[in-house]
Each structure stands twice: as C-alpha cells, then as structure tokens.
2 protein chains.
Amino acid sequence: MEELYRLDTGEKRAAGAEESGGARVPCVVDFSPTATDMSRFPFSVWRKINKNVLSQGGGSLFAQGDAQGEYSLRETIGRYLHSSRGVNCTPQQIIVGAGNDYLLLLLEKILGRHVRIAMENPTYKRAYQIFGSFAYEITTVDMDESGMTVSGLRQSDVTAAYVMPSHQYPTGVLMPIGRRLELLKWANEAPGRYLIEDDYDSEFRYKGKPIPSLQASDTQGRVIYIGTFSKSIAPAIRVSYMVLPQELLERYRQQCYFYSATVSRIDQKVLEEFIREGYFERYLNKMRKHYKEKHDLLLEELADFEADFRVMGENAGLHLLLTGRRGQTEKELIATAQAQGVRVYGLSDSLVGKAKEQPGRTVLLGYGGLGFEDIKKGLALLRQAWL
Amino acid sequence: MEELYRLDTGEKRAAGAEESGGARVPCVVDFSPTATDMSRFPFSVWRKINKNVLSQGGGSLFAQGDAQGEYSLRETIGRYLHSSRGVNCTPQQIIVGAGNDYLLLLLEKILGRHVRIAMENPTYKRAYQIFGSFAYEITTVDMDESGMTVSGLRQSDVTAAYVMPSHQYPTGVLMPIGRRLELLKWANEAPGRYLIEDDYDSEFRYKGKPIPSLQASDTQGRVIYIGTFSKSIAPAIRVSYMVLPQELLERYRQQCYFYSATVSRIDQKVLEEFIREGYFERYLNKMRKHYKEKHDLLLEELADFEADFRVMGENAGLHLLLTGRRGQTEKELIATAQAQGVRVYGLSDSLVGKAKEQPGRTVLLGYGGLGFEDIKKGLALLRQAWL
C-alpha cells in the first residue's frame with residue numbers, strides 16, 4: 001500500500017499525454033469519486049413523511065428549536081449510531097448541524113483557536129482546506145497500509161489528529177484494530193489530545209464483517225465522532241452530526257450555547273421519521289446491494305487491466321484506485337482517458353503540501369453515480385486508452 | 001434617549017423587590033421581546049408549495065447545490081431586498097446560509113481572524129457573544145438618540161462596526177440619514193473598514209415612510225448587509241442572507257469557496273416559491289398590520305403608566321421599553337412584575353462589559369408572541385405591580 005504514497009521520481013513517459021494535445025473530447029463517462037446515485041431514493045416516501053409532518057406538526061414546528069438539534073432526532077441518531085457503528089453516546093452528546101463544514105466551524109470554537117492537527121496525506125481535501133482556514137497548524141503524517149502511522153504522529157507534536165478509520169479517503173485504507181488502539185493510546189497519554197473521526201461513508205462496505213467506529217473503542221472520551229446524511233441519504237440533505245466526548249461537551253455548553261440550530265425543525269422531524277420508520281435502513285440495505293453490484297461489475301471489467309494496473313480500495317466506498325505498473329503518471333492517465341471521452345481523477349487532487357508537487361501515478365475511478373452501462377462503456381474506452 | 005444608557009447610581013428603592021421574596025408565582029403573561037406570532041402563518045400554502053416542489057423537483061433537488069445558495073433564490077432575495085430595503089446588489093453578491101450565526105462564522109473567515117470591531121451598548125447579545133468567540137477585539141461605543149456616535153467610533157481605533165440602523169436592538173433607535181452618512185464617511189476614510197448592517201426586523205415598522213437600509217446609501221462597497229427569514233417567516237426556517245461588497249466577495253471566492261451550502265435545496269426552492277408567488281409580501285403586510293394592532297393596544301394600555309414611566313421604542317419592532325420615572329431599578333421592576341405572574345425583561349440583558357455591572361432602570365415589554373387578551377391581562381397585572 002505504501003507504494004501509493006511513494007512519489008514518482010523516475011523518467012517521464014509522455015507517450016499517452018501527447019494524445020490529449022488535440023481537440024477537446026466531450027466527456028462521455030465521468031468516473032467522479034464523489035457522485036452518488038439518487039435513482040433508487042424513495043422520493044414518494046420522503047414526500048409522504050414531509051406531508052405528514054407538515055400537516056400534523058402545526059405551528060410549533062415553525063418555532064425556534066433546540067440549538068443542538070431536536071432531542072428526539074438526537075435519540076434516533078444515537079440509537080442508529082450505536083447499532084450500526086458501535087458508537088457509545090447519550091443524545092446529550094450529539095450536535096446536529098447543517099453539514100460537516102458547519103460542525104467543523106463549531107468544533108473550532110470548542111477546541112480552541114490554536115490547534116496543532118495531524119492529517120494523513122492524501123486526505124479529504126475539504127477538511128484540509130477548512131482546517132487551513134482556521135489558525136490550525138496542520139502537519140501531514142505518513143500512512144502505511146494500516147493508515148496514519150503512530151510513529152509519524154508522535155514525531156509531529158500535535159494535539160489532534162483527523163482520521164477516517166473505516167475507509168480513508170481517497171486511499172480506501174481500513175484501519176485495523178491494532179492501529180486504532182495505538183492511536184487511542186497516543187490520545188490517552190497527554191491531556192487535551194483528541195482524535196477527530198470522520199466516518200463519512202462507513203455505510204458502504206462490501207466485504208467481511210461490519211467494522212465498528214473508532215469511537216466504539218474509546219473508553220476515555222478522546223474521540224470526536226462526525227458523520228453525515230449527505231452521503232447516505234442525499235447531498236442536498238444538509239444534516240450532519242457530531243458526537244462530543246464529555247469534556248468537550250462541557251466546553252460546548254459554556255462557550256457555544258448561543259450558536260443557534262442550523263437545521264430547520266421540519267427537516268429534522270422528516271429525517272427522524274425516515275429513520276424511525278425503518279426507511280433509512282431499508283434504503284441503506286438497498287443501496288449497499290446496488291453499489292456492491294456496480295463495484296463488482298467494475299472489478300470484473302477491470303480484470304484485464306490487472307497486468308498493467310494495480311487495483312486497490314476494493315473493500316468499501318464508492319471508488320477504486322488504479323496505479324499503472326509501467327510507471328505512467330496520473331497526468332498521462334487522465335489525459336489519455338480524456339482523449340477517449342472518459343474522466344478519471346488523480347489521487348494527487350487529495351494530496352496536500354509538498355507531496356502535491358511531485359507527479360502522482362494513481363487515479364480514482366468513482367462508480368457511485370454511474371449506471372451499469374456507463375461503467376461498461378467507460379471501461380471499454382479506458383481499454384482503448386490505456387491497454 | 002441617552003438617559004437609557006445613563007447608569008443608575010441613585011439610592012436603591014427596594015420596596016417592590018421585597019414583594020417578590022415570597023413563593024414563586026407562576027408566569028401568566030410573558031412579554032418576551034424575541035417571541036413572534038405564528039398563528040397567522042399560511043401553513044396550508046407552505047404545505048402546498050412544499051408538496052409541489054417535492055413532486056416536481058425530482059432527483060435533481062436532492063443533489064448538491066451551489067455553495068452560495070441556489071442562484072434563482074438569490075435572484076429572488078436580491079429583488080426583494082432592492083424593492084423593500086433599497087439594497088443594491090447582484091445575485092452574485094448574496095450568500096444564503098443556515099442562520100445569521102453561520103453567516104457570521106463565514107464572515108470571520110472572510111474578514112480575517114483579527115478584527116477590531118465596534119458595537120453599541122446595549123447591543124444584540126448573540127452577535128456580541130459570537131464575535132467574542134472569535135479572536136475579535138470588541139469595543140463598545142457610546143450611543144445617542146441617533147445611534148452609534150461617530151466620535152466614539154473614531155476614538156475606538158476599530159476596523160469594523162456592527163450596527164442595526166433600521167431598528168437598534170434593544171433600544172429601538174432608528175439611525176437618521178445624517179448619522180448613516182457619517183458612518184459611511186468613516187468607513188470610506190481608510191481601506192479595510194467595514195460596516196456590518198444587521199437588518200434583523202426591518203419588516204416591522206409602523207410609523208412614517210419606510211426607511212431604506214444603510215447598504216442603500218453605500219456607494220463604495222463598505223457595507224456588509226445581513227438579514228434573515230427567521231424573524232419574518234418563522235424561527236424554525238433557518239435561512240439568512242448576507243450581501244457582500246465586491247472586495248469581500250473576491251476574498252470569499254478565494255478563501256471560502258470550499259464551504260458547502262448549509263440550507264437544503266428543497267427548503268431553498270420552497271422559500272423561493274413562497275416569495276416569488278407573492279405569499280411572503282402578503283404575509284408581511286398581514287403581520288405588519290397585526291403587529292401594529294398589538295403595538296397600538298399596548299401603547300393605549302400603557303397610557304396610564306406615562307406619569308410613572310417613560311415609554312420608548314414605539315416606531316418599530318416587536319417590543320417597547322419602559323423606564324421608571326421614580327428611579328426604580330430594572331431588578332425591582334422585574335421582581336414586582338414577577339410577583340404578579342408577569343415576565344418582563346431587563347435592558348441590561350443586552351448590556352455588555354462593565355455597563356452590565358451597574359443596576360439598570362429600563363425593562364422591555366415584547367408583544368410579538370402575545371394575543372390581545374394576554375396584552376390586556378398583562379398590563380392589568382403590571383398596573384397592580386407598578387402603579
């Protein structure tokens with residue numbers, strides 16, 4: 001796995017890149033790693049719940065709600081997180097907010113202005129940009145096949161680490177329990193150390209046993225757990241949640257009690273009903289199955305790429321990673337694909353700092369937003385481009 | 001008007017306060033200055049639009065939207081702000097966000113970390129708390145009957161000032177055009193100076209001509225205009241908007257483009273239809289009339305208080321201010337009211353810094369959330385308490 005992060009210093013292979021010098025080819029298939037599939041969403045159920053909530057709720061629904069989010073929604077989220085992700089918390093520890101970005105803005109006010117934070121490299125770029133817009137000092141820490149290395153973390157003199165243990169974005173690394181315990185040990189060794197767990201797409205896992213969250217293994221209140229419905233329900237549903245350990249909950253109550261709720265009470269109620277009535281779980285099961293079919297099709301179609309490419313990240317998520325065995329740069333891969341009307345994405349989009357300056361060798365193929373025919377068509381074109 | 005801010009240094013009159021020493025009297029009438037009346041809200045229209053949007057919109061509504069807010073909603077807000085508040089802006093300058101608090105968090109990232117900001121005293125406490133949670137250096141500046149004094153502003157060595165020119169909270173002061181021009185002159189005198197205009201309840205004005213916003217008089221791009229639908233539509237509707245001057249818009253685009261939208265696309269569409277179809281204006285007209293009736297009733301009922309109390313703030317908003325002519329402290333007024341089962345609010349709730357330590361003499365009577373009978377009953381009880 002560490003090959004992923006070794007930077008290409010070898011000779012340039014420009015053969016492919018030259019092909020893209022011509023006229024711009026329109027995009028036929030877009031392997032976007034962030035796209036999701038809404039075609040199976042139970043719109044009629046959502047509409048029905050919406051209608052019921054609006055007709056039953058009356059005026060009180062339009063009144064100012066609890067700053068942390070409606071208590072009953074927090075109870076529902078707490079139960080869901082416990083059963084699906086092993087998260088241990090009370091509804092009091094949950095803060096509902098309009099998206100992860102808002103919750104990170106709030107977290108800044110809780111953790112304080114000057115935090116030295118460790119991130120993996122590559123990492124989730126948006127979180128990096130957001131921390132960068134704070135007064136945070138960001139240190140990138142090496143990864144190996146188990147995720148963030150604790151030796152790297154120890155060298156970095158940070159007080160917090162941002163990790164995605166269930167499915168690192170973009171590498172797809174699943175952090176094994178041993179590494180998790182090492183991270184928790186690091187966090188427990190000095191007061192004020194925290195692990196920020198972004199569990200962004202833990203719902204989509206295809207192989208092996210379900211993996212609980214890092215928070216589930218945390219006995220000392222060191223993990224800040226963040227998750228979202230934007231991925232699992234719909235991007236336009238701006239509802240995320242943050243589970244604060246007791247110590248930070250106290251600080252939130254003292255320092256941030258005046259920040260009002262960011263999600264409308266109506267939307268919260270609709271979401272609550274959607275989960276409580278079992279629609280959410282049913283939808284997740286359906287999508288897990290559906291995404292697995294796409295994922296399996298993509299893997300199958302990639303079989304004849306294996307001589308020339310290493311395929312990675314097949315345990316979870318909505319994308320796979322390909323690294324050329326002939327040392328092609330990602331720029332070349334992107335350009336030759338582009339010449340065939342196929343859009344693939346460079347891993348280096350997720351690299352930060354100096355690592356970004358070196359030519360990468362790995363591309364991401366997202367399949368979440370594509371139909372089966374698109375996947376086949378895209379792969380046929382990539383075959384022409386790359387094999 | 002400056003009497004409002006003169007601090008009570010005279011003798012204590014504890015006569016009233018003693019009465020509240022006994023058993024706790026349940027609250028019969030609550031003159032909350034922040035409560036609004038939702039009883040006339042066209043719930044059925046809102047439901048209908050919601051249903052239409054959900055049934056017509058299909059899957060695209062559930063996709064990720066524009067980070068600044070849907071363009072068509074921003075057009076609609078821009079038109080509304082121009083016609084009702086004289087605001088001059090393009091839709092590009094508008095940022096839609098989940099409440100004022102979120103927009104202020106975003107503004108922090110645009111204006112920068114270390115801003116020296118002037119606020120009036122008393123002021124809107126939540127904004128004060130939010131700026132206080134930033135690394136902002138807050139200076140309170142004296143007010144007179146025209147609002148923030150420019151001499152005070154000049155002494156304060158700040159780079160930004162937070163004002164509510166249409167209806168200062170909680171004093172109700174309307175800033176005349178002369179003072180507005182002086183403020184703008186101050187802002188124009190040095191680069192990087194800004195006025196943050198919180199136009200929070202400009203919709204409810206009962207006397208005289210409609211007063212345009214401060215932004216309307218700004219020719220040099222010095223005003224950041226903030227408004228909300230939480231007051232004019234419903235507290236649970238978490239939609240606010242911020243109009244950025246060109247210079248800050250550039251900074252937003254460079255420094256904050258990665259912060260995603262905080263309001264769901266569906267909610268934005270419903271709101272847009274509600275405004276575009278004329279329901280918003282009709283509702284505002286109805287509420288203006290309705291609140292005016294409550295306001296007039298309260299003023300009428302207060303006629304026999306005038307010998308003992310100065311009544312202020314009668315031009316706008318959803319509350320009035322009373323100052324005892326016999327030098328009663330607000331603590332005494334609150335306690336004697338409380339003994340009769342009436343809740344009134346101290347102006348000092350909105351005081352910040354050292355001013356807060358001195359005993360205030362003014363109370364707020366909010367009527368937005370009360371029915372006509374409640375107002376009469378409340379005043380009858382206050383007559384027993386205070387006259």
Side-chain angles (χ1 to χ4, degrees), chain A residues 34-39 41 43-44 46-47 50-51 54-55 57-65 67 97-102 104-106 108-109 113 125-130 132-135 230 233-239 255-268 270, chain B residues 34-39 41 43-44 46-47 50-51 54-55 57-65 67 97-102 104-106 108-109 113 125-130 132-135 230 233-239 255-268 369:
Chain A
T34 54
T36 55
D37 185 348
M38 288 296 297
S39 66
F41 186 74
F43 293 107
S44 59
W46 192 266
R47 270 197 292 271
N50 220 292
K51 199 180 154 208
L54 277 173
S55 57
S60 69
L61 264 184
F62 289 79
Q64 173 89 356
N100 283 23
D101 303 0
Y102 169 73
L104 291 180
L105 283 167
L106 198 59
E108 183 198 13
K109 304 306 173 206
R113 210 161 283 143
K125 192 66 158 280
R126 177 118 44 98
Y128 177 81
Q129 289 166 322
I130 289 173
S133 76
F134 301 170
S230 300
I233 296 187
I237 305 294
R238 307 308 296 155
V239 186
Q255 297 165 20
C256 298
Y257 63 91
F258 42 81
Y259 280 102
S260 30
T262 45
V263 184
S264 97
R265 242 176 155 176
I266 299 161
D267 292 356
Q268 291 188 56
V270 171
Chain B
T34 55
T36 56
D37 185 348
M38 288 296 296
S39 66
F41 185 75
F43 293 106
S44 60
W46 193 265
R47 270 196 291 272
N50 219 293
K51 198 180 154 209
L54 277 175
S55 57
S60 69
L61 263 184
F62 288 80
Q64 174 87 355
N100 283 22
D101 303 358
Y102 169 72
L104 292 180
L105 283 167
L106 198 59
E108 183 199 13
K109 304 305 173 206
R113 210 161 284 143
K125 191 66 158 279
R126 176 118 44 98
Y128 177 81
Q129 289 166 322
I130 289 173
S133 76
F134 301 170
S230 300
I233 295 186
I237 304 294
R238 308 306 299 154
V239 186
Q255 297 164 19
C256 298
Y257 63 91
F258 43 81
Y259 281 102
S260 29
T262 45
V263 185
S264 98
R265 243 175 155 175
I266 300 161
D267 291 355
Q268 291 187 56

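What you see is a predicted model; the values in this text were computed from it and never measured. Sequence lines set the chain letters: A, B, ... in the order given, protein chains first and strands last, and positions in each chain run from 1.
Heavy atoms of A:Arg113 lying under 4.5 Å from chain B belong exclusively to its side chain. Neither the backbone nor the side chain of A:Val239 has a heavy atom closer than 4.5 Å to any heavy atom of chain B. Contacts between A:Glu108 and chain B at a heavy-atom distance below 4.5 Å involve the side chain alone, from C-beta outward. Contact annotation for A:Ala135: both backbone and side-chain heavy atoms come within less than 4.5 Å of a heavy atom of chain B. Heavy-atom distances place both the backbone and the side chain of A:Phe62 under 4.5 Å from chain B. Heavy atoms closer than 4.5 Å to chain B are found in the side chain of A:Asp267, but not in its backbone. For A:Ser39, no part lies under 4.5 angstrom from a heavy atom of chain B. For B:Tyr259, the parts lying near chain A are the backbone and the side chain together; criterion is any non-hydrogen pair under 4.5 Å. In this structure, the portions of A:Phe134 lying under 4.5 Å from any heavy atom of chain B include both its backbone and its side chain. If you measure heavy-atom distances from A:Leu61 to chain B, the contacts under 4.5 Å come from the backbone alone.
Within a 6.0 Å sphere centred on NZ of A:Lys51, heavy atoms belonging to other residues, nucleotides or ligands number 12 at most.
Interface summary for chain B: among A:Ser230, A:Ala98, A:Ser133, A:Ser44, the most heavy-atom pairs under 4.5 angstrom belong to A:Ser133. When each of B:Asn50, B:Thr34, B:Ile237 is checked for heavy-atom pairs under 4.5 Å with chain A, B:Asn50 comes out on top. Most heavy-atom pairs under 4.5 Å with chain A, from the set B:Ala234, B:Ala35, B:Cys256: that is B:Ala234. Of the listed residues (B:Met38, B:Gln268, B:Arg126, B:Lys125), the one with the most heavy-atom contacts under 4.5 Å to chain A is B:Arg126. Interface check for chain A: of the options B:Gly99, B:Ala261, B:Gly97, the most heavy-atom pairs under 4.5 Å are formed by B:Ala261. Heavy-atom pairs under 4.5 Å with chain B peak, among A:Gly132, A:Ala63, A:Gly65, at A:Ala63.
With contacts defined as side-chain heavy-atom distances shorter than 4.5 Å, the pair A:Ile130/B:Phe258 qualifies. The closest side-chain heavy-atom distance from B:Tyr102 to A:Leu105 is below 4.5 Å.
Checked by atom type, the side-chain pair B:Arg238/A:Ser260 shows a donor-acceptor distance below 3.5 Å.
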Evaluate side chain to side chain contact (heavy atoms under 4.5 Å, CB included) for A:Trp46 paired with A:Val270, printing each intermediate quantity in order. CA-CA 8 Å; A:Trp46 192 266; A:Val270 171; 3.7 Å; yes

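What you find for B:Pro235 and B:Thr36 is that their closest heavy atoms are CG-OG1, 3.8 Å.
Annotation: the span from A:Ile266 atom CD1 to B:Arg47 atom CZ amounts to 10.5 Å, rounded to 0.5 Å.
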